[in-house]
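Presented below is the structure to which this report refers.
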Protein chains: 2
Amino acid sequence: MDDFDLGARLRYVRQAAGLSQRELAKRAGMTNAAISVIENNQSSPSVASLKKVLEVIPLSLTEFFALETPAEYKIFFKEEELVPITQGAVHYRQVGDMRYHNLQILHERYTPGADTGRSMLQHESEEGGVVIEGTIELTVGERKTILKAGDAYLFDSRQPHRFRNIGKTDCVIVSACTPPYL
Amino acid sequence: MDDFDLGARLRYVRQAAGLSQRELAKRAGMTNAAISVIENNQSSPSVASLKKVLEVIPLSLTEFFALETPAEYKIFFKEEELVPITQGAVHYRQVGDMRYHNLQILHERYTPGADTGRSMLQHESEEGGVVIEGTIELTVGERKTILKAGDAYLFDSRQPHRFRNIGKTDCVIVSACTPPYL
DNA sequence: GAAAATCGTCAATTTTATTTAACAAGTTAG
DNA sequence: CTAACTTGTTAAATAAAATTGACGATTTTC
């Protein structure tokens, strides 16, 4: 697989410029269909064509190719695109690449008995989440509770904390953390 | 005219890699004819093709487009490519772009009476040249002489100096100066 | 020296990109 | 709610890039 997704880059810069395929094509002296197939990687534009298009944005070929990787400006993620992170019995699925973001979104799954550890977690972040399925025992500082589906939490991660699934079924949580700590 | 000479760039990187058109084409899974027409700007390669070719060099698209301008690595110059510089009755034709070089080569033409000036020239360079045609009176410091076709000179430009055509015909000189001062 | 390779280029064909023209879906105007 | 507009996509036609196969010129080999 080619990691150089020219179509995605073009679509990105076009939308960032606030142009429709037709508008861009018109100004570049081309047709909307060409833009469409290029953006979907159904054809590889000649450098001459690409240059015409980029001049509208405006963006030089150099700048276009030097653009940050697609991961850096990716906004939407298919379920299978989430990056899996496994720590013991806890399975995280992360949204996006944390090298480029300050906000970490995780789709977490705690199997029965899963535990983030006796030695409590502590890091320079703020985090929160919502329980989707099952139950979780959450300890933050001196406070402890059991959250069930629909419940939520939000706290300063500098306080020692611990997640533990003491139920009989998986617990699923969607959480956010800034800055990222995993 | 487009100042982005893709053909020249490709030819440059290919030769720098020590490859013939055929060898490059073979390794890239293309044909020599394609390379030929691309290098002569008779066709604009698709980005896909260009990528295949550059992977052989190897060079990324980003690096390729970020390459220094062709003027920077230009080696051979047609007569009409020399950049004309006129100062009074003296006409210079410079070889290459001094932004990228420390050696300035000039094809100079002094019309009868042409004179670099009573107030002698002085700059932090070393310069020399050969008279091709006509005669020139050259003064350097306290020394003065008349040079005719075939004669030459070389001196430290920090010494005050002056060129003067006291003959009846044009005087043509090819000179060099480092670092450039014009 | 002549034969065999290799070089870059070019004309004709094939393949691919781009245009033309239509479509379905979504939005705005009335 | 319809009618007019915009959106992005697609199929067939056209334009352009890439391949095939050849050429003359230069270099290498014997």
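Reminder, nothing fancy here: chain letters follow the sequence lines and each chain counts from 1. Since the structure is predicted, the reported quantities are computational estimates derived from the model, not experimental observations. Because only heavy atoms are used, hydrogens play no part in the values below, and waters and symmetry mates are left out as well, while side chains stay in.
Distances shown here put a side-chain N or O of Ser36(A) below 4.0 Å from the OP1 or OP2 atom of dT9(D). Under 4.0 angstrom from either OP1 or OP2 of dT16(C) there lies no side-chain N or O belonging to Ser46(B). Taking 4.0 angstrom as the limit, Gln21(A) places none of its side-chain polar atoms (N or O) nearer than this to OP1 or OP2 of dT7(D). Side-chain nitrogen and oxygen atoms of Arg11(A) include none within less than 4.0 Å of the OP1 or OP2 phosphate oxygen of dT7(D). Between dA18(D) and Ser49(B), a contact under 4.0 Å exists linking OP1 or OP2 to a side-chain N or O.
The interatomic distance linking Lys51(B) (NZ) with dT16(C) (P) rounds to 18 Å, in whole Å. Atom NZ of Lys52(A) and atom P of dA15(D) are 14 Å apart (whole Å). Rounded to an integer number of Å, the gap from Ile35(B) CD1 to dC7(C) P is 13 Å. Rounded to an integer number of Å, the gap from CE of Met30(A) to C1' of dA16(D) is 12 Å. Atom CD1 in Ile38(B) sits about 14 Å away from atom C1' in dT9(C), given to the nearest Å. Atom CG in Leu19(B) sits about 14 Å away from atom C1' in dT6(C), given to the nearest Å. As a whole-Å value, the separation of Glu39(B) CD from dT9(C) P is 7 Å. When rounded to the nearest whole Å, the span between CG of Leu24(B) and C1' of dT6(C) equals 16 Å.
Backbone-only contact: Ser43(B) has heavy atoms under 4.0 Å from sugar-phosphate atoms and none from a base. At the heavy-atom level, Thr31(A) lies under 4.0 Å from base atoms of the strands shown. Looking at heavy-atom distances under 4.0 Å, Asn32(B) makes contact with a base. Nucleic acid contact class of Gln42(A) (heavy atoms, under 4.0 Å, all strands): sugar-phosphate only.
A residue-by-residue look at Val37(B) and Arg22(B) shows that Val37(B) has its nearest nucleotide of DNA chain D further toward the 5' end.
When the nucleotides dT10(D), dT19(D), dT18(C) are ranked by their closest atom to the side chain of Ala33(B), dT19(D) comes out on top. Of the candidates dT9(D), dG8(D), dT18(C), the closest approach to any side-chain atom of Asn40(A) belongs to dT9(D).
For the pair Leu6(B)/Ser44(B), no side-chain contact is recorded, criterion being any heavy-atom separation below 4.5 Å from C-beta on. Taking the side chain as every heavy atom from C-beta outward, Phe163(B) and Val90(B) never approach each other to under 4.5 Å. When side chains are defined from C-beta on, Arg109(A) counts as touching Glu133(A), because their heavy atoms get closer than 4.5 Å.
Classified by interplanar angle (parallel below 30°, tilted 30° to 60°, perpendicular above 60°), the ring pair Tyr92(A)/Tyr110(A) is perpendicular.
We find the CD-CD distance between Glu108(B) and Gln94(B) to be 11.0 Å, quoted to the nearest 0.5 Å.
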